[in-house]
Visitor: 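First the structure, then my questions, so here it is.
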Amino acid sequence: MSIKEAEKLYNHKNIEKKVQEDWIKNQIYSKTNQLREKGPKYSFSDGPPYCSGEIHLGTAWNKIIKDSYLRFKSMKGFSLRRQAGWDTHGLPIEHKVEQILNIKNKQQIEENIGIANFVAKCKEFALKNKDAMTNQFKDLGIWMDWDKPYVTFDPKYMESCWWTLKKAHAKDLLIKDKRVISWCPRCETALAAAEIDHEDKEDPSIHVKFETSKPILNNDVNPKKLKEYFLVWTTTPWTLPANLAICMNPIFDYSFIEIDNEIIILASNLVETIFGPEVKITQIKKDTGKLDEDGKPIKEIEEKRETIYNILKIVKGADFEGKSYIYPLLDQVPEQKSFDKDENLVNVHTILPGDHVELGEGTGFVHTAPGHGPDDFEIGKKYNLPIFCPVNEEGNFTNEGEKYSGDFVKDANHNIINDLRSKGILLREEIIKHRYGVCWRCKTPIIYLATEQWFLKVTEIKDKMLSEIKKVEWIPKWAGEGRFHDWVDNAKDWTISRQRYWGIPIPVWMCEDCGKLKVIGSVEELKENSINEITANDEELVHRPYIDEITFKCDCNESSNDSDGIMKRIPDVLDVWIDSGVAGWAALYYPQEKEMFNKWYPYDFITEGHDQTRGWFYSQLGAGVISFDEVPYKKVLMHGFVLDEFGKKMSKSLGNVVQSEDVIEQYGADILRFYLLWATKPWDDLKFVWNELNNIKKMFNILWNVYVFSTTYMSLDGFTPENYEIEDKKSIILRDEDKWIISRANSLSKEVEEDLNKAYFHQATRKINYFILEDLSRWYVRLIRGRIWVKKNDPDKLGAYFGLYTAIEILIKVLAPITPHICEEIYENLVKNVKSDSKLSIHMEDWEYDQNVIDEDLEKEMDVVRDIIEASTRARDMAKYKLRWPVSELTVVSDDNLVFEAVNHLESVIMDQANVKKIITTNEFENLKFIAKPNLKTLGPRLRQDMGNVKKFLAENDGNQIKADLKSNNKIDVIINEGNDNGSDKIIELSRDDVLFDNELPDDVVSSDFKGGNVFVNTQITPEILSEGMARELIRRIQDMRKDKDLDVEANIDVVVQTSDKLKDIIYDKIKFITNEVRAKNISFDSIDVNSINDENNSSKYIKEWKIEDENIIIQIEN
RNA sequence: AGGCCAGUGGCUCAGCUUGGUUAGCGCGCACGGCUGAUAACCGUGAGGUCCUGGGUUCGAAUCCCAGCUGGCCUACCA
């Protein structure tokens, strides 16, 4: 086998298809895993994407990070577990299935469809989505265990989840409690904080007057015995039927104001906000009846002061504590009367203190309905108010809501406002727009209801959770130290029960007689305890409704003769965040199976987007502390979001979503992968810009070109690196530039390894990008071009092959984790074909570099040399002196030793690339011509009329001599013949400061500077240079013609040139050189009949006219 | 409303930890050049209130404070 010539064009579609097929055909993935089986373990856990049906660029990015990182770890020899995970339960899928089945509410599910059918549909839907998304991930080249993923509806997974809840119960962390929670009236279920979105919504905003039961002000202040009202603001009028108290802040000042013959009480700070200034001043121009001197009527301005309201008294909020008010909707909600009458409920309809009352908005009095708000609920518990909630789970008023009974809460607003108005206690009514919580799936505005729910008492394990966070390595640091810490620090108890169907049933059975609880931790335990015959298989049994039918026998009446109670399952399912929170051990089926768990738990690495701070990072931490008293992960990379090109988030409603398959179609998975890891720091958000993909595409085209270039010649010569001994000079000679590229490639591998270990993908990709473009393509290939063109198989040419081969081989290994397809393709041809120790796939190669061949000094020197060559090119360009023409001499001026060493060491590189015959290094360029001129600033005042003569003297004398004299004597004397009779001369002494120098390059010298100094290029054309220059001009033309004819690189030709004798003489010495360069069998000078050009009849001959400098020539080639 | 992150030529980004030459790379643009890797390459040029405003300092893109814009998260705004 030998290296084959590569396809000329990089075709991502063909390559990726072929490589992916080969992976499957040859079972490369599983073989790679087997290869590393005995290596050190590196455990990873895949955050399960939700089975929504399609991936987006964010999920693509997520999996690409995981895949690249894990492929890298695999090449480093680690044994990995790459199990994909799927999040399948919950409201999103239930909601989709409801839409498909055209179902409006829970009642229809239970009555029309049946829970069993509904759950089966959800499962089917989840499976279908899972498969679709799996294919999309596979298209990206993601290597995971797609055939045996963990899926949250798997009975074995679910029982691990049950075990966790059993553990929570054993630790007294699982509690049932009546609390006010956020509720979706459409889905008819509790929602956790994580399930609430926020949108701008319009709501009524009303100010309501609550009349005091007894007057508060005495006669002195309120002689007219006006009615007194507490002023209250609310945006949820529908909660007023459940109003049981009003809260004030004891430390605020409150004012009694008299307005429109009644007294309103509200926070002093808010009086002006609501009622405006106390006194309204209007100015009126009024006729005085008098006339002024001109006979015009005199007017005077009269101020009219209108008092809008009077502040009668100001008191502290604390003074109101215990004062009662008349509940305004007693007639509409008669239930409220019974609270008033109940002697145990002394605080009902009174003013109570509450620290949550603020002055930013409202009136300083907050309407309090313990059944409809979390704060209100706390107040209610503290002051023994009934938790009155006349609203049912569908959001409709119950019979307790009497007049409004049956109305949906939001619809009742209107009636309630009308009732308040007719009672004359509605002070103001407006509409406001504000952020309001909505259900994450159906976008229905949430309401707050008092219900019994199950909770995990996170507040009790919070301290442990906080200390566990510190043990984790966070990338970036602030992800854990700031963001996540703050979120956990503010954590409330976790509402884990949902009144739905498609989820993990809460494994809690409760005795109907005694209320005793039993929490089940496995399917086996379920079956053991069941007193029913079980016909369903495990798959069905673990879900609703089958599990609902299972009952246990309680031991509550064992001591008495009564029959024992029956235990029934509580009907709720779990919050889906628990599902994924237990993934760490549930995916390993712990505790039913222990071997895998002991091997892989806890996890070395996880990575998810920054939204998972409140999500998976949190749920795993909580579940981990409950189950094992520790956090389940050791290192976390928190990555960003993919935004559109304007930095806005991608959303269907904005229509700016980019599909990953569209990108793959146009650019391929490799380019997308590289782009996503290159575009930004992984933890920043990523602006997806189509045009930037072109940059990456260009880079891969260039890589491909280098590969094509290499294989073209290597295949021609049958090059196989193993056939040669580098030490043996006869076999292969490495020049300094070959050693340099090998050093660079190894340095790259070393540096990229460091970056990937830190998850600094952006730095890794940038270094690779630089290596491909600058080091390999633009520099090394340019350096070796001449050597490759040599016909024979000499050691010097093989050295170039070896350098090129080694660089590409190392490069594709470094690039393999990031762009696995193109690297596999190149590897197959370049390595697998010719190396005896090659692997079945590049992904089975070891990631390694050879520290011994890294030569940092050489790399630095090459940088200097590149600068020097660039500078010389620039200088030539300014002089319009073509690179094709050699120059006799290049002078490098510097005071840096490194520059001299670099030039000394790599002189041949400079001579070749700058096309120079001789290089001189020096501290100072000797051939500069200096021109002296007077320093007008110092000499002007001193010399006055003598200035002209001094100027003339300096201009006429040799500047270099003046400079030398000044240097040795620190002065020069200017002798001026004043032309007077006595013939005496005037001598003017000039100091160093008095003379300035311009420098002037000698003719035929151009200069340019580089970082370490200057270069001077001698452009004088000698006969020898003319000869070589013209020869090269001729070569260029002939090569151009070869290309026109699309000749094979190794094809030999006959050349005839018609030219003047003069030119013939000039290039005569170079015939051999020309012959060699253009692969000519023979070159002859003769006259050519231009008219003989006839492509059709004489296709082997090709004739073209040229003009070189001022010469007209005709060239004919024939192959 | 609060927390965290980002804001640098027309565009994508680096530099900021540890303040110090003329703020850098790539794309794009204009002009010139090269031509056996050629859908490549080389040179020159135009283009910057380093988001805004304060402060610390001899000196701020960099440190501090406040604000604006965008992203994510949170919130009981009655």
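So you know, we letter chains A, B, ... as the sequences are listed, proteins then strands, and number each from 1. Quick note: numbers below take in every heavy atom, side chains included, and nothing from hydrogens, waters or symmetry partners.
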Visitor: Nearest to the Glu692(A) side chain among G71(B), U38(B), U12(B), which nucleotide is it?
Guide: U12(B)
Visitor: Scan Thr613(A) against the nucleic acid and name what it touches under 4.0 Å (heavy atoms): base, sugar-phosphate only, or nothing.
Guide: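 Contact class for Thr613(A): none.
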Visitor: Name the pairing partner of C4(B), where a pair is Watson-Crick or G-U wobble with both distances under 3.5 Å, or state none.
Guide: G71(B)
Visitor: Using the C1' atoms only, state how far C25(B) lies from G19(B), rounded to an integer number of Å.
Guide: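 So the two C1' atoms sit 23 Å from each other.
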Visitor: Taking the side chain of Phe641(A) as heavy atoms from C-beta outward, which of A78(B), C72(B), C76(B) is closest to it?
Guide: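 Nucleotide nearest to Phe641(A)'s side chain: C72(B).
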Visitor: Heavy atoms under 4.0 Å, any strand shown: does Val357(A) hit a base, just sugar-phosphate, or nothing?
Guide: base
Visitor: Once you apply a heavy-atom cut-off of 4.0 Å, does Glu378(A) come out as touching a base, just sugar-phosphate, or nothing?
Guide: nothing
Visitor: Rounding to an integer number of angstrom, what distance separates A23(B) and C34(B) when you compare their C1' atoms?
Guide: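 Roughly 32 Å separates the two C1' atoms.
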Visitor: Check each of Glu737(A), Arg782(A), Glu870(A) against Gln913(A) using the side-chain hydrogen bond (donor to acceptor under 3.5 Å, both in side chains) test, and report the only one that passes.
Guide: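 Exactly one candidate clears the test, Arg782(A).
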Visitor: For the pair Lys410(A) and Asp203(A), find out whether any cationic side-chain nitrogen is under 4.0 Å from an anionic carboxylate oxygen.
Guide: yes
Visitor: Please determine, for the side chain of Arg778(A), which listed nucleotide (U12(B), G43(B), C42(B)) has the closest atom?
Guide: C42(B)
Visitor: What's the closest nucleotide to the side chain of Leu9(A) if the choices are A39(B), C27(B), G3(B)?
Guide: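 Closest nucleotide to the Leu9(A) side chain: A39(B).
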Visitor: Please give the distance between the P atoms of C68(B) and A61(B) as a whole number of Å.
Guide: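 C68(B) and A61(B) have their P atoms separated by 23 Å.
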Visitor: Mind checking whether Phe252(A) and Tyr254(A) have parallel, tilted or perpendicular rings, split at 30° and 60°?
Guide: tilted
Visitor: Under 4.0 Å, counting only non-hydrogen atoms across every strand here, what does Trp478(A) touch: a base, just sugar-phosphate, or nothing?
Guide: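 The answer is sugar-phosphate, as Trp478(A) gets under 4.0 Å only of primed atoms, P, OP1 or OP2.
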Visitor: Out of G71(B), C5(B), C11(B), which nucleotide sits closest to the side chain of Lys648(A)?
Guide: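 For the Lys648(A) side chain, the nearest candidate turns out to be G71(B).
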Visitor: Any base atoms under 4.0 Å from Thr680(A), or only sugar-phosphate, or nothing? Heavy atoms, all strands.
Guide: nothing
Visitor: Taking atom NZ as the centre, does Lys477(A) end up with more than 12 heavy-atom neighbours from other residues, nucleotides or ligands that are less than 6.0 angstrom away?
Guide: no
Visitor: Over all strands shown, is Val708(A) touching base, sugar-phosphate only, or nothing at heavy-atom distances under 4.0 angstrom?
Guide: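 Nothing, no nucleic acid heavy atom in range.
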Visitor: With the side chain of Asp611(A) defined as its heavy atoms from C-beta on, choose the nearest nucleotide among G71(B), G33(B), C73(B).
Guide: C73(B)
Visitor: Identify whether any heavy atom of Tyr448(A) sits under 4.0 Å from a base atom; if not, whether one sits that close to sugar-phosphate; answer base, sugar-phosphate or nothing.
Guide: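 Since only primed, P, OP1 and OP2 atoms lie under 4.0 Å of Tyr448(A), the category is sugar-phosphate.
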Visitor: With rounding to whole Å, what would you report as the distance between G48(B) and C73(B) at their P atoms?
Guide: 38 Å
Visitor: Once you measure the plane-to-plane angle for Phe484(A) and Phe617(A), does it fall in the parallel (<30°), tilted (30-60°) or perpendicular (>60°) bin?
Guide: perpendicular
Visitor: In whole Å, measure the gap between the C1' atoms of A60(B) and U49(B) for me.
Guide: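 About 15 Å, rounded to a whole number of Å.
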Visitor: Between Asp717(A) and Lys797(A), is there a salt bridge with N-O shorter than 4.0 Å?
Guide: yes
Visitor: Where the side chain of Lys882(A) is defined as all heavy atoms beyond and including C-beta, which of C34(B), A6(B), A40(B) is the nearest nucleotide?
Guide: C34(B)
Visitor: Looking at every strand, decide which applies to Arg876(A) at a 4.0 Å heavy-atom threshold: base, sugar-phosphate, or nothing.
Guide: nothing
Visitor: With a non-hydrogen cut-off below 4.0 angstrom, is Lys681(A) in contact with a base, only sugar-phosphate, or nothing?
Guide: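 Sugar-phosphate contact only - Lys681(A) comes under 4.0 Å of backbone atoms but never of a base.
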